[in-house]
Amino acid sequence: MATNDVVSVSHSMLLKATDLKDDRIDVISICLFVFLLCACIVLGHLLEENRWMNESITALLLGLFTGSIVLISSKGQGSHILEFDEELFFIYLLPPIIFNAGFQVKKKEFFRNFITIMFFGVIGVFISFGIISTGSWYFFSKFGLKNLPIRDILAIGVIFSATDSVCTLQVLNQDETPLLYSLVFGEGVVNDATSVVLFRAVQTYNFDNFTSLEGLQIGGSFLYLFFSSCILGIASGLISAYIIKTMYFGRHSTDREIAIMTLMAYLSYVFAELFYLSGILSVFFCGIVMSHYTWHNVTENSRITSKHSFATMSFIAETFIFLYVGMDALDFEKWKMMQSSFTESAGLFGSLLFLVLLGRAAFVFPLSALSNYSTKSPDAKINLRQMVIIWWAGLMRGAVSIALAFNQFTQGGDAKDSNQATLMVITIIIVLFSTIVFGTATKPLISWLLPPHFRSNYSDSASLSPKASLDADFHIPLLMDTEREELEANDRSTINQILNGLPRPQSIGMLLTAPRSTIHHVWRKFDDSYMRPTFGGRGYVRLVSRRDMDIQEDEILEDHS
């Protein structure tokens with residue numbers, strides 16, 4: 001009995017020691033990543049004016065350097081101290097990035113180019129998916145990857161059709177090139193949502209006996225997911241605006257205002273994932289609605305604090321992602337499982353990179369021409385130089401591709417077999433190559449194709465400082481009329497006729513070229529008459545009671561004392 005007690009106590013102490021050891025490793029990992037984040041901030045500041053470098057590339061290179069040191073110090077046992085988890089990426093890192101992008105996006109540019117963004121983000125994904133999947137089926141067998149399941153080939157098509165909206169934030173400036181920024185980043189958000197839908201379809205449907213009915217089901221699922229996610233995000237933003245406007249948290253604490261905004265935004269993302277919708281779309285539109293309504297309902301201190309807090313959380317998450325990808329690229333276990341020769345690996349890399357270039361070109365140039373045909377506004381038309389930049393800037397593949405590849409080709413962070421280990425490694429190499437090469441060359445390419453005198457033709461905010469431009473954009477209506485001459489020509493009687501359905505387009509061409517100013521004008525009237533009186537927003541002025549004024553005066557006196 002005593003022996004059993006001794007064994008039991010020893011076993012318990014061993015378990016506790018193991019737990020302490022695991023906790024110690026976690027502490028070391030956190031310390032390392034916090035140190036690397038600080039190093040990225042310092043290096044990013046020093047390289048701020050460098051035309052070739054940006055913070056995402058700096059984080060990637062620093063991650064590669066750190067991974068090499070860890071690999072050498074562990075004598076080849078491993079290059080990273082944290083296991084990649086797609087849930088870590090999708091649940092904790094991606095939401096603040098997408099929300100902040102929606103919160104601070106230039107609404108004027110985004111909604112003016114909404115049709116073009118939908119062309120690129122939806123139709124473009126399907127075109128790229130078809131080209132990459134077909135090309136992979138043709139090339140893979142020639143470079144040693146034979147008898148791959150159709151599901152893996154289709155998954156590759158989805159993985160390399162997902163652009164990196166995070167890196168776009170680093171290489172494009174919405175104050176210098178607002179049109180390009182809104183198109184490439186807006187496409188990236190919609191692209192990511194479409195890619196997730198396609199990826200889930202690839203994992204769900206049986207493509208060995210695929211029928212046209214299942215194809216229609218995929219299309220119906222996408223439409224349901226898109227509109228449901230947008231409605232959920234809009235509803236979350238409106239609820240937060242109504243709560244803050246009605247309850248006026250700011251009279252007691254500005255912390256509550258910022259907390260309710262942050263939690264409601266995250267709740268929109270979590271609810272979307274809970275109901276198998278697109279959290280990316282939901283939190284993005286929640287950010288847009290909050291910037292239009294909720295942000296104007298809070299106190300001045302909360303406005304300043306919330307704007308910089310959201311930007312800070314987004315910046316840290318972005319940097320962490322690129323650090324993580326850089327370190328994971330040197331994971332020795334994946335490389336050891338590969339059975340492909342150097343020639344075969346080089347062939348796979350070259351063929352996939354060629355398919356990515358071809359797949360993007362196949363929709364950017366034709367859909368840009370279609371977009372030009374659908375608008376009469378000269379400022380919204382895309383010239384050939386801008387088409388080349390949109391094609392190039394969207395070639396970067398990033399953390400979304402990595403997360404989808406881990407989900408498809410690994411189990412618990414380890415590859416399932418040699419073929420899938422090869423696909424995982426090739427994915428990581430293309431992500432690194434595209435981010436470093438294409439990301440590095442994007443700024444010089446913009447400077448070469450769009451010199452400053454070229455940008456002044458379509459950038460109204462280029463002369464403003466980033467802060468001034470950002471502050472001003474919060475006061476721009478949710479839909480902004482960009483065709484003022486057409487708006488002046490449309491009087492109330494014309495608007496009423498359109499609302500009554502009298503003038504109807506007689507052809508697809510007339511439908512595509514129909515003026516959009518009427519929609520903007522009708523929306524603003526509806527917003528001013530119904531939405532702002534209910535949800536607040538720009539122009540909403542709170543009636544401050546005498547008690548609240550006394551409290552504010554006391555706080556000011558305390559601060560001065």
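- Taking all atoms of both residues into account, the shortest heavy-atom contact from A59 to L323 is O-CD2, 3.5 Å.
- Under the side-chain contact (heavy atoms from CB on, under 4.5 Å) rule, R385 has a single partner from L445, I446, L450, which is L450.
- Within the 3.5 Å criterion, the main-chain N or O of S282 finds no donor-acceptor partner in the side chain of S229.
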| query | Could you walk me through whether T163 and E187 pass the side chain to side chain donor-acceptor pair (under 3.5 Å) check? | reply | CA-CA 8 Å; T163 60; E187 174 213 344; 4.6 Å; no
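- Side chain of S529 to main chain of F526: no donor-acceptor pair is present (N/O by atom type, distance under 3.5 Å, no hydrogens or angles).
- At distances below 3.5 Å, not a single donor-acceptor pair connects side-chain atoms of N297 with backbone N or O atoms of I244.
- The side-chain heavy atoms of F315 and I97, taken from C-beta on, include no pair separated by under 4.5 Å.
- Counting all heavy atoms, side chain and backbone alike, S161 lies closest to F129 at OG-N, 3.2 Å.
- Looking at S128, its side chain never comes within 3.5 Å of a backbone N or O of G124 through a donor-acceptor pair.
- A donor-acceptor contact shorter than 3.5 Å links the side chain of T435 to the backbone of R397.
- If you take CD1 on I304 and NZ on K307, they are separated by 7.0 Å, rounding to the nearest 0.5 Å.
- In this structure the side chain of T262 never reaches within 4.5 angstrom of the side chain of Y266, judged on heavy atoms.
- In terms of the ring-ring contact (aromatic ring centres under 6.0 Å, His included) criterion, residue partners of F99 (sequence neighbours excluded) are, by chain and number, F103, F310.
- Side-chain contact between F226 and M118 is present, with heavy atoms from C-beta onward closer than 4.5 Å.
- Here CD1 of I258 is found 5.5 Å from OG of S309. Values are rounded to the nearest 0.5 Å.
- Aromatic ring pairs are classed by plane angle as parallel below 30°, tilted from 30° to 60° and perpendicular above 60°; the pair F33 and F320 is tilted.
- No side-chain donor-acceptor contact under 3.5 Å links E273 to the backbone of V270.
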| query | When you look at S302 and T305, which way does the side chain to side chain donor-acceptor pair (under 3.5 Å) test go after all the steps? | reply | CA-CA 5 Å; S302 294; T305 304; over 6 Å; no
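- In plain terms, the two heavy atoms of F120 and F363 that are nearest each other are O-CE1, 3.9 Å.
- Using a 4.5 Å cut-off on side-chain heavy atoms (C-beta onward), I382 and L183 make contact.
- The distance from the CE atom of M261 to the OG atom of S240 is 6.5 Å, given to the nearest 0.5 Å.
- The structure places OG1 of T442 at 8.5 Å from CG of L395, a figure rounded to the nearest 0.5 Å.
- When all heavy atoms of S268 and G233 are compared, the closest pair comes out as CB-CA, 4.5 Å.
- Using a 4.5 Å heavy-atom cutoff, the side chains of F126 and L198 are in contact.
- Within the 4.5 Å cutoff, side-chain heavy atoms of L61 are placed close to those of I436.
- Taking every heavy atom of both residues into account, A101 and F284 meet most closely at C-CE1, 4.1 Å.
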| Trace of the side-chain contact (heavy atoms from CB on, under 4.5 Å) decision for L367 with T116 | CA-CA 8 Å; L367 294 182; T116 308; over 6 Å; no
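- Atom CD1 of I280 is separated from atom CD1 of I98 by 6.0 Å, given to the nearest 0.5 angstrom.
- More than 12 heavy atoms of other residues, nucleotides or ligands sit less than 6.0 Å from atom CZ of F365.
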| message | Show, in sequence, the C-alpha distance, side-chain angles and deciding distance for S195 and N191, and conclude whether the side chain to side chain donor-acceptor pair (under 3.5 Å) test is met. | response | CA-CA 6 Å; S195 299; N191 173 294; 3.3 Å; yes
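- Not one N or O on the side chain of S228 forms a donor-acceptor pair closer than 3.5 Å with the backbone of L225.
- A distance of 8.5 Å separates CD1 in I260 from CE in M290, rounded to the nearest 0.5 Å.
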| message | Would V184 and W392 count as a side-chain contact (heavy atoms from CB on, under 4.5 Å) here? Give the steps. | response | CA-CA 10 Å; V184 178; W392 182 270; over 6 Å; no
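- When side chains are defined from C-beta on, F322 does not count as touching T58, because their heavy atoms never get closer than 4.5 Å.
- You'll find the side chain of V298 stays beyond 4.5 Å of the side chain of T254, heavy atoms only.
- Not a single donor-acceptor pair under 3.5 Å links the side chain of T66 to the backbone N or O of G63.
- For the pair W391 (side chain) and R360 (backbone), a donor-acceptor distance under 3.5 Å is absent.
- Residue R303 comes nearest to H296 through the heavy atom pair NH2-O, 2.9 Å, listed as atom of the first residue, atom of the second, then distance.
- Checking side-chain atoms of T194 against main-chain N and O of V190 turns up a donor-acceptor pair under 3.5 Å.
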